[in-house]
Amino acid sequence: MNEREYNTCVKDYSDNVFRYLVKNLQDKDLSKDILQESFLNLWKKRQSVDYKTAKTYLFQTAHNTMINTLKYNNLKQTLDKPTFYATSTTYDLNQMLTKLMAFLPDKQKQSLLLRDYEGYSYKEIAKIMNITEEDVKINIFRARTKMKDMINKIEEK
C-alpha cells in the first residue's frame with residue numbers, strides 16, 4: 001500500500017471504525033485513541049497490507065485493540081452493568097436499541113454491530129473477531145433474540 005492509498009483509507013474508513021468503537025465502548029475519547037492507534041498500526045504495516053483488504057485489517061486491529069483496552073483498563077465491568085431506566089416512550093427506537101445493546105455480552109454486541117451497522121458478511125466478521133462463521137451466526141442470533149426479549153419486557157411495563 002502506498003501513501004495515497006493509505007490516505008484514501010483514512011478518508012473512507014475512519015468514520016465507520018470510529019462508529020463501531022463508540023457503539024461498543026460508549027466513550028468517544030477512548031474510541032478516538034483506539035482509532036488513531038489502529039491507523040498507526042496500518043501505517044507501520046502498509047508495505048505488507050494490501051489496499052483491497054485494508055478495511056478488514058483496520059476493523060480487526062481496532063477490535064483487538066479495543067478488547068485489550070477493556071481487559072487492561074478494567075472497563076468490562078462498566079459495560080456489563082449499564083444503567084437503563086427509560087421506557088420505550090422516552091427514547092426513539094435508535095436510542096433505545098443503543099442502550100439495550102449495552103446489556104449484550106461483548107461478542108454478541110460486536111458481531112451484531114459488524115453485521116447490522118457496518119454490513120460485513122459472516123465470513124468477514126469471523127476474520128475480524130478471530131472466531132468461526134458458525135460462532136458469528138450464533139452470536140448474532142442470540143443477540144437479536146435477547147434484544148427482542150428486552151424490548152418485549154419494556155413494552156409490558
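Keep in mind that the numbers below use all heavy atoms, side chains included, and drop hydrogens, waters and symmetry copies. Since this is a predicted model, take the numbers as computed values, not measurements.
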* Would you say the side-chain atoms of Asn16 and Arg19 include a donor-acceptor pair closer than 3.5 Å? ->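 A donor-acceptor contact under 3.5 Å links the two side chains.
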* For residues Asp50 and Thr53, is any side-chain donor paired with an opposing acceptor at under 3.5 Å? ->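 Checked: Asp50/Thr53 side chains show no N/O donor-acceptor pair below 3.5 Å.
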* Val49 and Leu42: side chain to side chain contact (heavy atoms under 4.5 Å, CB included), yes or no, with the steps? -> CA-CA 8 Å; Val49 175; Leu42 177 62; 3.8 Å; yes
Treat each ILVMFWY residue as a node, draw an edge where side-chain heavy atoms are under 4.5 Å apart, and state whether [X] and [Y] are in one component.
X      : Y      : value
Tyr51  : Phe39  : no
Tyr57  : Val10  : yes
Leu114 : Tyr122 : yes
Leu112 : Phe103 : yes
Leu100 : Phe141 : no

* To do: Decide side chain to side chain contact (heavy atoms under 4.5 Å, CB included) for Thr61 and Lys45; before the verdict, give the C-alpha distance in whole Å, the side-chain angles of both, and the deciding distance to 0.1 Å.
  => CA-CA 11 Å; Thr61 302; Lys45 303 270 185 174; over 6 Å; no
Does any part of the side chain of [Y], heavy atoms only, come nearer than 4.5 Å to the side chain of [X], both counted from C-beta?
X      : Y      : answer
Met101 : Tyr117 : yes
Ser38  : Ile34  : yes
Ile131 : Asn139 : yes
Arg142 : Ser111 : no
Met1   : Cys9   : yes
Pro105 : Lys107 : no

* To do: Would you indicate whether Asn130, at its atom CG, is surrounded by more than 12 heavy atoms from other residues, nucleotides or ligands within a distance under 6.0 Å?
  =>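 Counting neighbours around CG of Asn130, 12 or fewer heavy atoms of other residues, nucleotides or ligands fall under 6.0 Å, so no.
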* To do: Mark yes when over 12 heavy atoms from residues, nucleotides or ligands other than Glu133 sit less than 6.0 Å from its CD; otherwise mark no.
  =>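 Correct, the count exceeds 12.
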Say you draw a straight line from [atom1] of [X] to [atom2] of [Y]; how long is it, rounded to the nearest 0.5 Å?
X      : Y      : atom1 : atom2 : answer
Thr132 : Lys137 : OG1   : NZ    : 9.5 Å
Phe59  : Leu113 : CZ    : CG    : 10.0 Å
Gln60  : Thr65  : CD    : OG1   : 10.5 Å
His63  : Met66  : NE2   : CE    : 5.5 Å
Thr145 : Met150 : OG1   : CE    : 10.5 Å
Asn41  : Glu37  : CG    : CD    : 6.0 Å

* What is the ring orientation for Trp43 with Tyr6, classed by angle as parallel under 30°, tilted 30 to 60°, or perpendicular over 60°? ->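 Perpendicular: the ring planes of Trp43 and Tyr6 meet at over 60°.
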* **Residue pair Leu25 / Ser31: nearest heavy atoms and the distance that separates them** =>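 For Leu25 versus Ser31, the nearest heavy atoms are CD1-OG, 3.8 Å.
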* Sole residue of Leu58, Asn64, Thr56 in side-chain contact (heavy atoms from CB on, under 4.5 Å) with Ile128 ->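 Of all the options given, the one that passes is Thr56.
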* **Intermediate values then yes/no, side chain to side chain contact (heavy atoms under 4.5 Å, CB included), Ile67 and Gln110** => CA-CA 11 Å; Ile67 296 300; Gln110 292 155 7; 3.5 Å; yes
* Asked: Is there a donor-acceptor contact under 3.5 Å from the side chain of Gln36 to the main chain of Asp33?
  ->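 A pair under 3.5 Å: no.
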* Arg144 bridged to Asp116 by N-O distance under 4.0 Å ->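 Yes, this pair counts.
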* Asked: For Tyr120, is the NZ or CZ atom of Lys55 found under 6.0 angstrom from the centre of its six-membered ring and inside 45 degrees of the ring axis?
  ->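 Yes, Lys55 lies over the aromatic ring of Tyr120.
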